[in-house]
**Q** 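Dumping the structure here so I can ask a few things about it.
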Amino acid sequence: MERDILKALEAWKTSENRKPLVLRGARQVGKTWCLKEFGRRSFETCAYLRLEDNAAAAALFEGSLDPQRLILGIAALTNTEIQPEKTLIVLDEVQAVPRALTALKYFCEDAPEYCIAVAGSLLGVAMHAGVSFPVGKVDFLDLYPMSFTEFLEATGEEAAVQFIRQHNTDMISVFAEQLTDALRRYYYVGGMPEAVESFRLRGDFAAVRSIQKSILAGYEGDFSKHISGALSERCRLVWDSLPHQLAKENKRFVYGAVREGARAREFEEAIQVLVDSGLVLKVPRISKPGLPLAAYSDPQAFKLYLLDVGLLGALTGLDSSTILEGSSLFTEFKGVMAEQYVCQQLVSECELVPYYWSAEKSSGEVDFVVQLQTNVLPIEVKAETNLKAKSLRSFCERYGIDTAVRLSLAGLQDQGWVRNIPLYAVPLIEPSPAQPPALHTA
């Protein structure tokens, strides 16, 4: 299967100011496969070294962090001749050996001619735990579950993908029925690569659900394996509460829904662990649509979405028969599947940071608000073809915003103040075709 991040990895390789690369993402989103595939396609050799439960690798990083010494050791452990620019060095599960992270500083300063990339599912947790991190000496890329367009490409809908990415609205309309059917399948299968690959090969929804349950069990196992006892239990309580939290009319995270009488101070750290692990997407509330949006965010009010729409369905026990019932799937949980899907695409496909807005003393709410360059764009999500958007119009009139987007199953429409964009064409919210994921330097 093709992943968009491979283009970003190629751009990293040829960058003039290339630094060691940190690839972040939750377990099972495909980090290891992407780095190995990148090594296969773009280098003569790839020296892959997994650090978790590897005593020899841990011993290597206990000594001097001189890059030449480490290169000799990695070459021996991987049985690979390592050459500048010709070999990709991959250190996987790097958080298991904290000094390997520290070593990236010395690769940046003393051996920039070597291409070295590291990955780790719990890097964010490790960083918050006080690991010495080479600030300013690494580049970052984030990997998420497969986006809807990646899913389309993997399942043989390459033509439709090109129309979406080229913003070819005429042909998108021609493919509307086909794309709607594919969206239903994506709501169930989601974007976890193993689930997508199984569906691509077999078309078996039961096998997909089995894989998703296995992934969820692995995540829950991580809570107890990598996190201290009390914190682990709080992580599990937050995780288990998410379907209920999202099924509410007001999807703002409520601590009392985790455990009766719960307070923020009890669960703030657990939520941060889930965010740092890439398992949840945190969407803060903004008090008003000022620029930059981050300056107007309310740290006490937020929504939490899962990393993947398919995993949300598995966590809630959504039956595969809903796939055969047409639009009923899209009204499940009062549209939560549609909102989860949109949040996921805004982050992974569009590389946007989503917020939401709600009025202080009324029920008015805008599902998502994003910043596009110097503009604020409010986004309303409709699970079906209902085009009523009272809160969205009120928000635009209140703050003098002249352009908004409604995402629904209706076709492309332009009503002046609001554009209706089909749910299957989320990238059209951007003014031009999306670019490959961007590098971030720390």
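Throughout, numbering of the chain's residues begins at 1 and tracks the sequence.
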**Q** List the residues meeting side-chain contact (heavy atoms from CB on, under 4.5 Å) with Pro292, not counting sequence neighbours, and say none if there are none.
**A** Ala295, Gln371

**Q** Please enumerate all residues that pass salt bridge (charged side-chain N to carboxylate O under 4.0 Å, His left out) together with Lys382, with sequence neighbours excluded.
**A**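 If we apply the salt bridge (charged side-chain N to carboxylate O under 4.0 Å, His left out) test to Lys382, skipping adjacent residues, the hits are Glu380.
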
**Q** Run the side-chain contact (heavy atoms from CB on, under 4.5 Å) test against Ser287 and tell me which residues pass, sequence neighbours left out.
**A**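 By the side-chain contact (heavy atoms from CB on, under 4.5 Å) rule, Ser287 matches Arg285, Tyr296.
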
**Q** Would you call Glu365-Lys303 a salt bridge at under 4.0 Å N-O?
**A**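 Yes, charged N to carboxylate O under 4.0 Å.
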
**Q** In a check of side chain to side chain contact (heavy atoms under 4.5 Å, CB included) between Leu304 and each of Leu274, Leu281, Val238, Val283, which one passes?
**A**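 Option passing the side chain to side chain contact (heavy atoms under 4.5 Å, CB included) with Leu304: Val238.
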
**Q** Tell me, please, which residues at least two apart from Glu233 pass salt bridge (charged side-chain N to carboxylate O under 4.0 Å, His left out).
**A**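 Listed in chain order: Arg236.
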
**Q** With sequence neighbours left out, write down each residue that passes side-chain contact (heavy atoms from CB on, under 4.5 Å) with Ser214, or none if nothing qualifies.
**A**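 side-chain contact (heavy atoms from CB on, under 4.5 Å) check on Ser214 returns nothing, list empty.
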
**Q** Under 3.5 Å, which donor-acceptor pairs link side chains of residues 260-267 to any protein atom two or more places apart or in another chain?
**A**
| residue | atom | partner | partner atom | Å |
| --- | --- | --- | --- | --- |
| Arg263 | NH1 | Gly261 | O | 3.1 |
| Glu266 | OE1 | Arg259 | NH2 | 2.6 |
| Glu266 | OE2 | Arg263 | N | 2.9 |

**Q** Scan for side chain to side chain donor-acceptor pair (under 3.5 Å) pairs involving residues 56-66, sequence neighbours excluded, and state none if there are none.
**A** none

**Q** Below 30° counts as parallel, above 60° as perpendicular, anything between as tilted: where do the rings of Phe302 and Tyr255 land?
**A** perpendicular

**Q** Among all residues two or more places apart in sequence or in another chain, which pass the side-chain contact (heavy atoms from CB on, under 4.5 Å) test with Thr403?
**A**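 For Thr403 the side-chain contact (heavy atoms from CB on, under 4.5 Å) partners, ignoring immediate neighbours, are Leu377.
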
**Q** Got a sec, which pairs hit side chain to side chain donor-acceptor pair (under 3.5 Å) with one end in residues 103-115, sequence neighbours left out?
**A** Glu109-Lys137

**Q** Can you list, pair by pair, the side-chain donor-acceptor contacts under 3.5 Å of residues 49-61, counting residues two or more places apart and other chains?
**A**
| residue | atom | partner | partner atom | Å |
| --- | --- | --- | --- | --- |
| Arg50 | NH2 | Glu52 | OE1 | 2.7 |
| Asn54 | OD1 | Ala56 | N | 3.3 |
| Asn54 | OD1 | Ala57 | N | 3.0 |
| Asn54 | ND2 | Arg50 | O | 2.9 |

**Q** What residue among Gln245, Gln344, Glu339 forms side chain to side chain donor-acceptor pair (under 3.5 Å) with Tyr305?
**A**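 Answer to the side chain to side chain donor-acceptor pair (under 3.5 Å) test with Tyr305 among Gln245, Gln344, Glu339: Glu339.
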
**Q** Strictly below 4.0 Å, N to O, side chains only: are Arg252 and Asp298 in salt-bridge contact?
**A** no

**Q** In terms of ring plane angle, is the pair Phe205 and Tyr188 parallel, tilted or perpendicular, where the classes change at 30° and 60°?
**A** perpendicular

**Q** Can you run down the salt bridge (charged side-chain N to carboxylate O under 4.0 Å, His left out) pairs that involve residues 208-221, sequence neighbours left out, and say none if there aren't any?
**A** none

**Q** Does Lys282 make a cation-pi contact with Phe253, if we ask for NZ or CZ under 6.0 Å from the ring centre and within 45° of the axis?
**A** no

**Q** For the atom pair CG (Asn420) and CZ (Arg406), what is the distance rounded to the nearest 0.5 Å?
**A** 5.0 Å

**Q** Could you pull out all residues at least two apart from Glu37 that satisfy salt bridge (charged side-chain N to carboxylate O under 4.0 Å, His left out)?
**A** Arg40, Arg41

